[in-house]
Amino acid sequence: MAFDPTPAERGVYHGGRLKGAECTWDAKGSRVDNVVVLASRGVGASCRCPTMPLCRPETCSSGNGGESTFLNLLFIKGGRETMFIKSASVSMSNEGTTYSRPKGNIQFLNSVPSFQPSGMDSHHPSPEYSSLLLAGPRAGALKQAHARIIVTGHSRSLPFITKLATLAVAAGAAPYAHLLATSHPAPDSFLFSSLTRAAAHHGLPVAAIAFYRSLLSAALPFSSFTFTAVAKACADLSAIRTGTAIHAHSIVLGFGSDRFVLTSLLVLYSKCGQLGVARKLFDAIRDRGVVAWNAMISGYEQNGLAERGIEVYREMQAAKAVPDSMTFVATLSACAQAGALDLGREVEKRIVSERMDISVFLGSALVNMYARCGVVDKARRWFDALQERNVVTWTSMIAGYGMHGHGHEAIKLFHLMRREGPPPNHVTFVAVLSACAHAGLVMEGRDAFDCMKRIYGLVPRVEHYCSMVDMFGRAGLLDEAMQFISDYMPGEPGPEVWTAVLGACKMHKNFILGVEVAERLIALEPENPSYHVLLSNIYALSGKMHHVEKVRNTMIKRRLKKQIGFSLIELGGTSHLFRMGEKSHPQTTEIYQYLEELIHRISAAGYMPETESVLHELEEEEREGALRYHSEKLAVAYGLMMSVGSTTPIRVIKNLRICGDCHLAIKFMSAVENREIVVRDKHRFHHFKDGKCSCLEYW
DNA sequence: ATAGGGTTAG
């Protein structure tokens, strides 16, 4: 059959026979033993333009393209077998033409009956199209399929080229795909849109943006598909500036109210932390699909605004929109973050009653929700019941044990994972090490750290070093913590590591080292209020009250505000938020009265306020009674007051670490009220029962 | 004739 080369191909043919080539070919390309040249110029290695990685040299203004031309050669041998020799390249420059011989062995990739072109059949894809599908996202096989397409005369067919190029992108070969697109005599909008989408979906966001620009410079029409894809690429890169430009472009071209485009832009803004804009877009979507709802819930959740995400879920119910499994995954994550156990259970009921298929995502979300809402055994029951478990599922469960101080369970599960689960990753080891730190399992932690490097080849990151230092520190092994830092940590330790050391100094009352470390931290990040608070804590503990004053004054002078603590309690599906000294709750008077009585009763039982916990408060009036009205005490008192006579545990979530005095007081409360009280603080769970806490003072 | 849309777990 006749071979009708594209202009790019023709240019190569005119170049004549390539010296040194081991194959012969003719201009018709109709015979066996031919070399088909897939040609273009200045793509890939020859054009290293930083602004437009995939631009053509002639449109590249940076001036560093177009000096040499690379040719990719496809060697084709006809007959019953198709043979592909690793692509060779020809470089043509002012110094002359050089030819590099193909390296490697001749590969017989697949057998094909013949090179006879066949007509397209809508019911049965042609052998050429089949060979594309068969090749899948593998660069080598695709090049071979490509050779076939050229020889059989389909190289101008846009469906073929589009399929080929999108598969090439999926194989990670974006430059090759770009070459295919630009060497086509008349590439269309669909082709570039498909490439943009493929690149955005296969972790090549930079290439996706480049394809979008190709479309722009080729003056081809845009479609909403292009925008959904390129918006995703920007979202993945957190490229808010490019993203905003694309947003504007989409409006100019009349896609401003397309729900797909709007949803993808919603995700863009939410991934860039601009939730206000995201919400505006969400509100602007008429007939919003389930995906928009899901994106909004997840957007809030990912940005730490789980309560807002839960509100959106409620709105969704009110709007009678039909949720899908992703809705539940996102909502369960929000529940996990907010500690909204009631809603989590409600979602679980829906999932079960609707006989929904429990995917790994949904299953992990359930495990995670129960673990982080303080019901570890339920988390484990789901974990055991799941059909499919992956590294995230295992890690969630291990982290769940760790958070509750069940270090041995965490280690046991980790060993089980090593035997019959997926290979652990970085996050798994954070969970394992932190479980060891919270349970005082120093030896096990050391083993895990060692095995992480030796067996799994994982390079420890800051968070692993922190966990190790934290572990030594909590166990009172400050010398070993310092030794570990100097022996194992490459480079200068960052503030995170020193914070861990400082926490240990505070816990074990090592004032000299503590002050030194705190001052180092303040020098490192003078604007961070938490270091000042830690320093003043250290001074307070060592009785140097004039130093406390000094730190306090520095903070006031620099306008540094300590992070405000709050506690949440969920009752009857609504969550109530308390801040220290909170007086805005409608039942304020009763709550304070109840708390007073409670304090009276626990004092009778032997409770003595731990005054040192209050010394870091900044304002005088905050000190007055601050200890009595810490947010966690208010929340617990409210919970007890509202459920007198009940036996269900009281559950409270605190955003910061629980303070020493509250910890003591709640232990007493659990005894005098004979109630189980569960408090989740920033780092872990505390299960109070019969005057004891599950953390065994280890936090 | 013909090749597709936006969202998920630690």
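Lettering follows sequence order; numbering is per chain, from 1.
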Sugar-phosphate only, base, or nothing, as touched by A:Thr393 at under 4.0 Å among non-hydrogen atoms: nothing
Side chain of A:Phe260 (C-beta onward), nearest among B:dG10, B:dA3, B:dG5: B:dG5
Nucleic acid contacts of residues 225-235 of chain A, taken as heavy-atom distances under 4.0 Å to DNA chain B: A:Phe225, A:Lys232
Interatomic distance where CG belongs to A:Leu215 and P belongs to B:dA3 [whole Å]: 20 Å
For atom CD1 of A:Ile297 and atom P of B:dG6, their distance in whole Å: 19 Å
Out of B:dG10, B:dT7, B:dA9, whichever nucleotide has its closest atom nearest the side chain of A:Val291: B:dT7
Among B:dG4, B:dG10, B:dT7, the nucleotide that comes nearest once only the side chain of A:Asn368 is considered: B:dG10
Parallel, tilted or perpendicular, as decided by the 30° and 60° cut-offs, for the rings of A:His247 and A:Tyr269: perpendicular
Charged N-O contact under 4.0 Å between A:Arg680 and A:Glu570: no
Touch class at under 4.0 angstrom, heavy-atom based, for A:Val367 against every strand present: nothing
Closest to side chain of A:Val392, choosing from B:dG4, B:dA9, B:dG5: B:dA9
A:Arg197 vs B:dG5: side-chain N/O to OP1/OP2 distance below 4.0 Å: yes
Sugar-phosphate, base or nothing in reach of A:Gln337, heavy atoms under 4.0 Å: nothing
A:Gln302 side-chain N/O to B:dA9 phosphate OP1/OP2 under 4.0 Å: yes
Nearest-neighbour nucleotide for the A:Phe190 side chain, B:dG4, B:dG10, B:dT7 considered: B:dG4
DNA chain B-proximal residues of residues 403-431 of chain A, any heavy atom under 4.0 Å: A:Asn425, A:Val427, A:Thr428
Ionic contact status for A:Lys232 with A:Asp236, cut-off 4.0 Å: yes
Candidates A:Leu158, A:Ile149, A:Leu133 - the one meeting side chain to side chain contact (heavy atoms under 4.5 Å, CB included) with A:Lys163: A:Leu133
Any side-chain heavy-atom pair of A:Phe260 and A:Ser224 under 4.5 Å: no
A:Phe685 vs A:Val376, side chain to side chain contact (heavy atoms under 4.5 Å, CB included): CA-CA, chis, key distance, verdict: CA-CA 10 Å; A:Phe685 276 92; A:Val376 223; over 6 Å; no
Touch class at under 4.0 angstrom, heavy-atom based, for A:Val290 against every strand present: nothing
A:Phe255 and A:Phe227 aromatic ring geometry - parallel, tilted or perpendicular at 30°/60° bounds: tilted
B:dT8 phosphate, OP1 or OP2, under 4.0 Å from A:Ser298 side-chain N/O: yes
Student check: side-chain heavy atoms of A:His249 and A:Thr226 closer than 4.5 Å: no
Donor-acceptor pair under 3.5 Å, A:Thr263 side chain vs B:dG6 base: yes
Closest to the A:Asp258 side chain, choosing from B:dG10, B:dG4, B:dG5: B:dG5
Given B:dG4, B:dG10, B:dG6, the nucleotide with the shortest approach to the side chain of A:Ser264: B:dG6
Straight-line distance of A:His404 NE2 to A:Glu409 CD, nearest 0.5 Å: 12.5 Å
Salt bridge flag under 4.0 Å for residues A:Glu348 and A:Arg381: no
